[in-house]
Amino acid sequence: MIGLIDCNNFYASCERVFNPKLEGKPIGILSNNDGCIIARSNELKPLIPMGMPAYQIPSKIRKQIILLSSNYELYGDMSQRVFDTVQNHTPNIELYSIDEAFIRLDGFADITAHCLKIKNVVKRDTGIPVSIGIAPTRTLAKLANHIAKKQAIYQNVYCLPTDEKSLKNILETFSINNIWGVGRHIANKLNRINIHTAWDLRQANLKYIRNNFSVTLERTVLELQGINCIKLDDLSTAKKNIMISRSFGRLTSKLFDLQEAIRLHASRATEKLRQQQSVASAILVFLKTNRFCDNSSQYHPSIVVPLSFPTDDSRLIISAAQKGLLAIYKQDFLFMKSGVMLLDLKIKNRYSQLDCFATPLANPSLHKNDKLMKTIDTINQKMGKNTIQLGGIQKSAPWQIKRQLLSKRYTTDWNELPLVK
DNA sequence: TGGGAAGCT
DNA sequence: AGCTTCC
């Protein structure tokens, strides 16, 4: 059996661990730039829909609720604590997202009892409430988790029945909108051919689904039937591309602002590249104007700049990015967002083995570059982001993201530890 | 008026 | 390259 463990209202719960006054209150977490609602406590859910832009919140409601900027340093660290704790009780764990993981539950006599114990230990040791859904496949475990969360009698741990009749009763009341892998568009299309519930979809004709939808949805149907066919990448599998992009806290048309932003994005992307021990063959640079502004002219350029050989050297990648920026920049637009994407990533060592034109016994200057990059990474890891930067000095710029409602980094910064009085 | 990644067509 | 999905 497979369990899906999911943290309840994760971001809101993290904030509550260190600020108990938030307990029982309607709280919401905002996206970057304090833009829109990306997480809600249970108390907020009836008041505000997911994804609502902050400026659209009626002022009457705004007064009764607490909004916070997203604090990813805190959430990332809490996530690690939660899943370290889980791992102590079920070693076989697949991390899926910042607040979810699948666990293998074979070999436990009473699976539900074991999961109740995990739930309690995680709450005791980290302060985070979790729900666990149990079923034969990942898709069904997600479904079971949904029930565990929604129906109070299960106390957040629910094991899906396996006998056909009970299963039918459950799936017949479960809307396809809540099935993992079925989004809004697919759900509408399915409704049109009279498939409304998880049971309907489970009975659907596989060939028909594959021909009229996709192999992905076909897999979902199989998983609903109890046949495992969705595998997850484990954490060690390298990404195929790496993107960094941010909206500006304030629109800008200045080349200098864009150069600084692109430099930081390219730096950060290349750090991630080195972390997964890959090299990039090309970099894409893009700009966007404000797409919500009807009366200003729109311009969404992008360009791919090939690198003369696959590399993970920040200096080469930053300068290629700047070259790309100059090629697409036009001064008479107000830009809203910029970003870079590293493309066609390859495993670093494999590349050097295959490169028959490389100087034998490694070019000493290449080796020196590696050491330089490693040194920069180590210092930045120890002393904090951007302690060493390449070719930039701006500490804070007007275009940087807005985070006016940020809580402290209680667990990752010596200067922001919680005080006990 | 978010950001990052993947797979399919 | 564009669309859809996930969180």
Side-chain angles (χ1 to χ4, degrees), chain A residues 4-11 28-40 48-57 67-72 75-76 79 94-102 138-139 142 145-146 176-190 209-220 223 229-235 237-251 261 265 268-269 272-273 275-276 278 284 286 288-294 300-304 336-343 345 400-403:
Chain A
L4 172 68
I5 174 161
D6 185 320
C7 304
N8 304 343
N9 322 121
F10 182 54
Y11 296 172
I29 314 297
L30 298 164
S31 63
N32 271 347
N33 270 318
D34 296 340
C36 46
I37 298 278
I38 54 167
R40 303 164 297 164
I48 291 183
M50 188 66 161
M52 180 183 240
Y55 79 96
Q56 281 179 6
I57 299 173
L67 294 181
L68 295 164
S69 304
S70 33
N71 185 343
Y72 285 106
Y75 311 151
S79 169
E94 290 171 355
L95 298 182
Y96 174 61
S97 73
I98 192 163
D99 73 332
E100 279 176 80
F102 292 99
R138 291 174 183 75
T139 303
K142 288 276 275 190
N145 185 273
H146 197 268
I176 50 168
N177 296 297
N178 297 321
I179 295 176
W180 189 39
V182 180
R184 200 164 37 103
H185 287 85
I186 307 283
N188 287 338
K189 200 171 156 189
L190 284 169
I209 293 291
R210 183 206 277 262
N211 293 336
N212 293 277
F213 292 85
S214 66
V215 294
T216 330
L217 191 66
E218 186 190 16
R219 281 190 205 121
T220 299
E223 289 247 327
C229 51
I230 296 179
K231 285 265 172 298
L232 293 177
D233 288 344
D234 68 28
L235 225 58
T237 47
K239 306 266 184 283
K240 291 170 183 167
N241 45 47
I242 292 173
M243 174 158 89
I244 304 284
S245 74
R246 286 290 180 282
S247 299
F248 298 120
R250 183 168 104 195
L251 301 181
H265 295 338
R268 180 78 195 99
K272 284 192 174 186
L273 183 71
Q275 261 171 37
Q276 66 165 48
S278 300
L284 179 144
F286 70 85
K288 286 186 197 299
T289 49
N290 185 356
R291 67 179 206 275
F292 299 103
C293 192
D294 301 329
H300 302 161
S302 73
I303 188 174
V304 174
M336 165 85 161
K337 184 174 188 168
S338 71
V340 305
M341 210 166 158
L342 299 178
L343 305 171
L345 308 189
Q400 272 175 351
I401 61 166
K402 254 188 292 184
R403 293 155 103 194

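In what follows, chains are A, B, ... by sequence order, proteins preceding strands, each numbered from 1.
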| note | Taking B/dG2, B/dC8, B/dG7 as options, the one with an atom nearest any side-chain atom of A/V215 is B/dC8
| Which part of the nucleic acid does A/Y55 contact within heavy-atom distance under 4.0 Å: base, sugar-phosphate only, or nothing? | base
| request: May I ask you to evaluate whether A/H185 reaches the phosphate of C/dT5, defined as a side-chain N or O under 4.0 Å from OP1 or OP2? | output: yes
| message | Closest-nucleotide mapping onto DNA chain B: is A/M336 or A/R219 further toward the 5' terminus? I mean the 5' end. | response | A/M336
| said: Test your reading of the model: is there a side-chain donor-acceptor pair from A/S245 to the backbone of A/S338, 3.5 Å cut-off? | reply: no
| message | From CD1 of A/I29 over to P of C/dC7, roughly how many Å is that when rounded to an integer? | response | 18 Å
| Do A/E94 and A/R138 have side chains that get closer than 4.5 Å, going by heavy atoms? | yes
| task | Return the value, rounded to whole Å, for the distance between atom NZ of A/K288 and atom P of B/dG2. | result | 11 Å
| request: Establish, with yes or no, whether the OP1 or OP2 oxygen of C/dC7 is under 4.0 angstrom from a side-chain nitrogen or oxygen of A/K142. | output: yes
| field | Proximal nucleotide (of C/dT4, B/dG4, B/dG2) relative to the A/M243 side chain | value | B/dG4
| query | Please give, in whole Å, the distance from B/dA5 C1' to A/F286 CZ? | reply | 13 Å
| said: Using a 4.0 Å heavy-atom cut-off, does A/R210 contact any base of the nucleic acid, only the sugar-phosphate backbone, or nothing at all? | reply: nothing
| Within less than 4.0 Å of OP1 or OP2 of C/dT5, is there a side-chain N or O belonging to A/T216? | no
| said: Classify A/I244 by what it touches in the nucleic acid, base, sugar-phosphate, or nothing, heavy-atom distance under 4.0 Å. | reply: sugar-phosphate
| task | Using atom CD of A/E100 as one end and atom P of C/dC7 as the other, report the distance to the nearest whole Å. | result | 6 Å
| Between A/R184 (CZ) and C/dT4 (C1'), how many Å, whole number? | 10 Å
| Criterion side-chain contact (heavy atoms from CB on, under 4.5 Å) against A/Y11, the qualifying member of A/L30, A/L68, A/D99, A/I98 | A/I98
| field | For atom CD1 of A/I176 and atom P of C/dT5, their distance in whole Å | value | 11 Å
| said: Considering every strand and a 4.0 Å limit on heavy-atom distances, what is the contact class for A/M50: base, sugar-phosphate, or nothing? | reply: nothing
| Should A/H300 and A/T289 count as side-chain neighbours, where that means a heavy-atom distance under 4.5 Å? | yes
| said: Taking only side-chain N and O atoms of A/K337, does any of them lie within less than 4.0 angstrom of OP1 or OP2 on B/dT1? | reply: no
| task | Please state the P separation for the pair B/dT1 and C/dC7 - nearest whole angstrom. | result | 25 Å
| remark: Per nearest nucleotide of DNA chain B, the residue lying toward the 5' end, A/G35 or A/I242, is A/G35
| said: Side-chain N or O of A/S247 versus OP1/OP2 of B/dG3: is the shortest distance under 4.0 Å? | reply: yes
| said: Of the listed nucleotides (B/dG3, B/dG2, C/dC6), which one gets closest to any side-chain atom of A/W180? | reply: C/dC6
| said: Strictly distance-based, threshold 3.5 Å: is any side-chain N or O of A/N33 a donor or acceptor partner for the main-chain N or O of A/S247? | reply: yes
| query | Contact class for A/F213 (heavy atom, under 4.0 Å): base, sugar-phosphate, or nothing? | reply | sugar-phosphate
| request: Rounded to the nearest angstrom, tell me the gap between atom CZ in A/R246 and atom C1' in B/dT1. | output: 16 Å
| A/S70 side chain to A/Y72 main-chain N or O, any donor-acceptor pair under 3.5 Å? | no
| query | Is the distance from OP1 or OP2 of B/dG4 to the nearest side-chain N or O of A/N241 less than 4.0 Å? | reply | no
| query | Base, sugar-phosphate alone, or nothing: which one does A/I179 contact when heavy atoms must sit under 4.0 Å apart? | reply | sugar-phosphate
| What nucleotide among B/dA5, C/dT4, B/dG7 has an atom nearest to a side-chain atom of A/I186? | C/dT4
| Neighbour count above 12 (heavy atom, 6.0 Å) for A/R210 CZ | no
| task | Give A/K189 one of three labels, base, sugar-phosphate or nothing, depending on what nucleic acid heavy atoms sit under 4.0 Å from its own. | result | nothing
| field | Minimum-distance nucleotide (side-chain atoms of A/C36 versus B/dA6, B/dG4, B/dG2) | value | B/dG2
| task | For A/I401 and B/dG2, give me the distance from atom CD1 to atom C1', rounded to whole Å. | result | 10 Å
| message | For a quick check of understanding: with a heavy-atom distance under 4.0 Å over all strands, which category does A/N32 fall into, base, sugar-phosphate or nothing? | response | sugar-phosphate
